Amino acid sequence: MTTNPYGWLTKSLQTLRRANWHRQVQTIDGKGGATISVDGRVCRNFASNNYLGLAGDPRLAAAATAAIATYGTGSTGSRLLSGHRPIHRKLEQAIAQLKGTEDAIVFSSGYLANLGTLAALVDHRDLIVADQYNHSSLQMGARLSGATVVIYDHNNLDQLQHHLAEQRSQYRRCMIVTDSVFSMDGDLCPLPEILAIANQWDAMVMVDEAHGTGVLGETGGGAVEYLGCRQQTMVQAGTLSKALGSLGGYVTGSAELIDFLRNRTATWIYTTGLSPADAAAAKAAIAILSEEPERLTQLNKNATYLRQRLDKLPNIHLLPSESPIVCIQVKDAATVLALGQHLKQQGIFASAVRPPTVPTSRLRMTVMATHTQEDIERLVMAIASFTPNPLALPTS
Ligand SMILES: *Cc1c(COP(=O)(O)O)cnc(C)c1O
């Protein structure tokens, strides 16, 4: 009998299509700014993580080009062997300064930073207590670490307390893990309270600032700064690829933490160092963030404006948000896809996000500092003109 060991792929893809879960890439030409060309159509872009509009900034491009001229395109080795260049260190110092921490370490992506850091800091003798809506990289890192993982309902501090009271004493180390800004919702974690609970239970805290860095806080230091927690000890991770317009990830914290990670993090030790161009672009972005604080101000003004405008529309269920990530809940996957298509015809590019990425379908919009008020008005008008209404689930 001949069998096809790959035959299951056909069936699995059919299942995905039937559930409206099947996904495909969409080609965007040129730079990912406030206005883009998608499949040949010019759109206002509300689907980008380029919060400050820096990904297309000529100064980042110039810094990247200069780094390529000096160091070449590849860093040619792992950081501990032959892949470490002066630009890596300068970038790490700039990140530590932005965050007000002793030191920082840069990875090839935020995903790798989270995977490797969790696996380095805890193991099968330890406990991870994690928010239900944490980013995939934190969930996978928790699994990779081999620690016992207990999940608390999204931002539910009573449950967090309860899990710690029940389980903490059975384990050696404990790590509470959370996004600072939840990437598919836009709300924040209650960080001061989480830090206080962690203190009470002798637990470490790891917070993922992917959507906080360059977005929140007076200097763009992130939700940690915004929530007044800079003086406290924790593990902060994040990315260079969102507000900072480059590619790569980082972890920042005490000098000891970073020294330990340099010695123990497999996703840093056994991979090639971040490319000189990416490192230089990220460093240039951090400089611009402090030289041009008006970008940050405008970003948060735009985010507030969009939330206020959407809040006034009838039949819209706006998810709670304190960030430039703004979501409206939509009743099912088919409806959110139809809404996404409708917006595209109106020249608006926003993300129709469906399970399994999120538990409930939603339109996810991200605001940029470089959006004009007219851009935002066009978005709101396009949403308002979608039929069938109501979009929202009855709020239960
Ligand atoms: C995007 C993101 C990451 C991954 O960062 P990359 O640098 O893109 O790999 C990690 N955590 C969160 C919350 C994110 O949104």
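Side chains included, hydrogens not; waters and symmetry mates left out as well; all remaining heavy atoms used. None of these values were measured; they are calculated from a predicted model. Remember, it's 1-based here, ligands and their atoms both numbered in the order they're listed.
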Assess whether atom CD of Glu218 is packed by more than 12 heavy atoms of other residues, nucleotides or ligands within 6.0 Å.
no
Could you tell me whether the side chain of Leu91 reaches within less than 4.5 Å of the side chain of Ile286, counting heavy atoms only?
yes
Are any of the N or O atoms of His211 closer than 3.5 Å to those of ligand 1?
yes
Examine distances only and state if a side-chain atom of [X] and a backbone atom of [Y] form a donor-acceptor pair shorter than 3.5 Å.
{"X": "Asp57", "Y": "Gly53", "value": "no"}
{"X": "Ser385", "Y": "Ala382", "value": "yes"}
{"X": "Glu102", "Y": "Ser254", "value": "no"}

With heavy atoms of [X] as the reference, note each atom of ligand 1 found under 4.0 Å away.
{"X": "Asp179", "result": "13 (C)"}
{"X": "Ser183", "result": "15 (O)"}
{"X": "Thr239", "result": "5 (O), 6 (P), 7 (O)"}
{"X": "Lys242", "result": "1 (C), 2 (C), 3 (C), 14 (C), 15 (O)"}
{"X": "Gly110", "result": "4 (C), 5 (O), 6 (P), 7 (O), 9 (O)"}
{"X": "Tyr111", "result": "4 (C), 5 (O), 6 (P), 9 (O)"}
{"X": "Asn114", "result": "10 (C), 11 (N)"}
{"X": "Ser137", "result": "10 (C), 11 (N)"}

Common cluster, Val358/Val181, ILVMFWY with side-chain heavy-atom separation under 4.5 Å
no
Salt bridge (charged side-chain N to carboxylate O under 4.0 Å, His left out) assessment of Arg89 paired with Asp103:
CA-CA 10 Å; Arg89 194 63 200 138; Asp103 205 353; 3.0 Å; yes
Does at least one non-hydrogen atom of Gly249 fall below 4.0 angstrom from an atom of ligand 1?
no
Proximity flag Gly248 to ligand 1, non-hydrogen atoms under 4.0 Å:
yes
Would you call Asp375 and Arg378 a salt bridge, taking side-chain N to carboxylate O under 4.0 Å as the test?
no
With the threshold set at 4.0 Å, does a side-chain nitrogen-carboxylate oxygen contact exist between Arg173 and Asp123?
no
Nearest heavy atom to atom 8 (O) of ligand 1 wins, so pick from Ser241, Ser246, Ala210.
Ser241
To the nearest 0.1 Å, how far is atom 11 (N) of ligand 1 from its closest protein heavy atom, and which atom is that?
Asp208 OD2, 2.5 Å
